[in-house]
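Data first, discussion second: the structure below is written as structure tokens.
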Amino acid sequence: MTVPKEYIPHEIEPKWKKTWDMSMYHFDWNDSTRPQYIIDTPPPYPTGNFHIGNSLNWCYIDFVARYKRMCGYNVMFPQGWDCHGLPTEVKVEEIHGITKNAVPREEFRRMCRELTRGNIEKMRETMLNLGFSTDWSNEFVTMEPEYYSKTQRSFRKMYDMGRVYQAEHPVNWCPRCETAIAFAEVEYEARDTKLNFLNFDKVKIATTRPELLAACVAVAINPEDERYSGHVGSSVKVPIFGHEVPVIGDKEVDPAFGTGVVMICTFGDKQDVRWWMEHELPLRKAIDKNGLMTSIAGKYEGMTIPECKDAIIRDLEAEGYLFEQKTLDQNVGMCWRCDTPIEILSERQWFVKIDTDAVAEAAEEVKWLPEYMKVRLENWIGTMEWDWCISRQRLFATPIPVWYCKECGETVVAKEEWMPIDPTQQQPPVACSCGCKDFEAEEDVLDTWMDSSITALHVSGWLSDHEMRLPTQLRPQGHDIIRTWAFYSLLRSMALTGKRPWDSILINGMVLGEDGHKMSKSLGNVISPEEVIKDYSADAFRQWAAIGGSPGSDVMFRWKDVVSASRYFTKTWSIYRFAMSHLEDYEHAEMDINELKVVDRWLLSNLNRLIRSVTDSMDDYQFDEAFKAIRGFTWDIFADNYIELIKARLYGDDEEAKKAAKYTLFVTMESLAKMLAPFAPFFSEEMFSRLGEGSVHVQSWPDVREELIDQEIELSGDFIKDVASNVRRYKSEKGMALNTALEKIEIYGVSMDTSDLTGVTNSPIEMIEGEPDFEHVPVNVKPNMGKIGPLFRGKAKAIIDALADENPRKIADEVAKGKITVNVDGELVELEPDHVEIEKEVVSAGRSVDVLDVSGVPVVIVR
Ligand SMILES: [Zn+2]
Ligand SMILES: [Zn+2]
């Protein structure tokens, strides 16, 4: 059982990665004895790069999974992959140099799947390198039939409930992605824009969207605005296009904005949609799905939106309609995937009816960590106005299982038993109610959030042969997807099962670069976890994740944290190596407390206090607190003090005392290995491999032994530790070697077992009752040259010689009386008390001693 001198992570980590039987992390569906702990792990988007932000979140998940497993839970830490979506389509187009319509639909989808599979493998490798205890028997891939058939079945179920419906309704549209998107996917950005003031027939209006003049359907004013009191009910002619639109009154119009008159277009923004619905205005579509102007835009037809805007402003100016422009700060809705300004178009789409009350209620039942993150969801719920648009005009996604009868137009939604199904590849196996067998497939596909919002249901066994185990216990996720993933998951779980999806939701922050900014390629501050593993180790990366901050807060990546993490392992390894060299023939057996020395009990008391605090921190997901406590104990108590205090005992020949030290060493090393296991799976496994049977990852979390926590013992131990360090400092100040034997050390007024103190100081220790008797004996007189020199000039040297001949006690007495008289070559010279300095020596029981004050207790060193 030799322990190598150095801990080399680049040998140890791959070794365990290869050796571990990952089935030790599998969830047991048939176990009803242990409580379940199911984690609704986020399914990352398979970009091929498992980045540092993912890694931080997964470290948190792994800390929890490993900890809960050791605490006796039947843990499921599944891994999913949220495959569908635009980025993969774009990548495929790029790789193959094609556009999505250049190849048959199914061929394009096949290319997407192929790319995705390769990307998943790359990301899986990083996950394995980081030592995550993933349960690969519960892996799911949303693009595979096994998973997306559940998405389709959920669609059918909600359709039957009336919660999924199709309608023509204004939706957010990304002209670049060429698809509808949900409100949750619109991000608002502050931008500068121009407010244009136009002569609009008999009124003047102000608008930021002159390119939508063709889509103008009304002009609105506030009915209380006296300036325009006579206009409501009349009509005005739209500049350039010439169509007449009504002037309507609406209290929502702000008289203080612009001219107090606004034009309503279909659709410039969400407010236009509200007015359009309320006043039942007609629909004029000026922008098509590709973001180009339609035929109603007349000569501007075919232009892009910015092109049209420029052209129309030029024309308005030339024809005298435009009389003023002002710069305006505006919040512009952007597509969250591609950062293109979104448009609002009215389209026939599929929607999920939103029941905000059910979501709010479920959110209330869930424990939010940290608590304040719940507010973000509540705020989002407060802004909901429209239902969730779930249809997308893309290819690589779960097909909407619907056909339309070519004869009568009836909508046929696939039955659950036909699923998985792609309506563009297969016809329904039955005829339409009209008898027709000819159908047109729905070509739209589902929003990817439709896939990912049922992960909790999927992992807990919904629609499987297993008994359903909802709610899961934990949903870990980022705060940027609270209004999407968290919101939709709550909505879908309530709709489909009536149950909340999770007991708790743990929100992680973002990783910032060393410069404090969000990591981005353009800033050049991106760090990959693989880089950290290569330069240091996976365990060091994980330690950074643990101590970098508490969950919920943004965490800065700092190399110096990784360096100090790696130093921690080096130090712990050296203690481990030392301990193991003394534990070679050790056979572990419980020992009676009374057989242990004070110092052992001191360590064990501190150790159990540590176990208690680490357990509490882990239960509260405060990983930084947990790890900092472990680190403090290892360095300050165990390495720097305990080991030093027991060395003499370990090398001595008192077998009983030696046994107690070995027992304590073993128990401490074993507990440390177990407490390190969630954080540093490789290092702890290497430690444990010489301490016990099997993997550390199937061991139980250490129990707190309350009977060993003893405050009095801790005080005694602290005192011994303090005496030892004071004596060590004393010797070094006196230039003595640390193992120099002192004649004797006397400790007054306390009584305890001092054998380890004798060992560590290499000096006899005596405990003495009561207080020591000190006398301060003058031993030397030091002349104050600064005073004597200038005052006595030529005589100064003679005075100094005379002082040296005097008895120091006599001079000291005279100083006390205020006048010193010295005989200088027969002449009596008077000196002031401040002309000399009296050096005294402490004498106790007639011996010269040095006195150390250790927490108020006199420790007397006899020289
Ligand atoms: Zn987009
Ligand atoms: Zn029909």
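Both backbone and side-chain heavy atoms feed into the values below; hydrogens, waters and symmetry mates do not. Here, residue 1 is the first one in the sequence, and each next residue gets the next number. In each ligand, atom 1 is the first atom listed, and ligand 1 is the first ligand listed.
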Should the pair [X]-[Y] be classified as a salt bridge under the 4.0 Å nitrogen-to-oxygen rule?
| X | Y | value |
| --- | --- | --- |
| Glu178 | Arg394 | no |
| Glu144 | Arg113 | no |
| Lys122 | Glu125 | no |

Open item on the list: Regarding Cys432, does it place an N, O or S atom less than 2.8 Å from the Zn ion (ligand 2)?
Closed with: yes
Open item on the list: I want to verify a count. Protein N, O or S atoms less than 2.8 Å away from the Zn ion (ligand 1), how many are there?
Closed with: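 Total protein N/O/S atoms under 2.8 Å from the Zn ion (ligand 1): 4.
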Does [X] have any side-chain hydrogen bond (donor to acceptor under 3.5 Å, both in side chains) partners at least two apart in sequence or in another chain, and if so, which?
| X | value |
| --- | --- |
| Tyr404 | Gln166, Glu442 |
| Asp160 | Arg156 |
| Ser520 | Ser522 |

Task: Degrees at the Zn ion (ligand 2) between the SG atom of Cys434 and the SG atom of Cys408, nearest 10° - done: 110°
- [ ] Answer yes if the ring centres of Trp81 and Phe140 are under 6.0 angstrom apart, and no otherwise.
- [x]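 They do not qualify: ring centres at least 6.0 Å apart.
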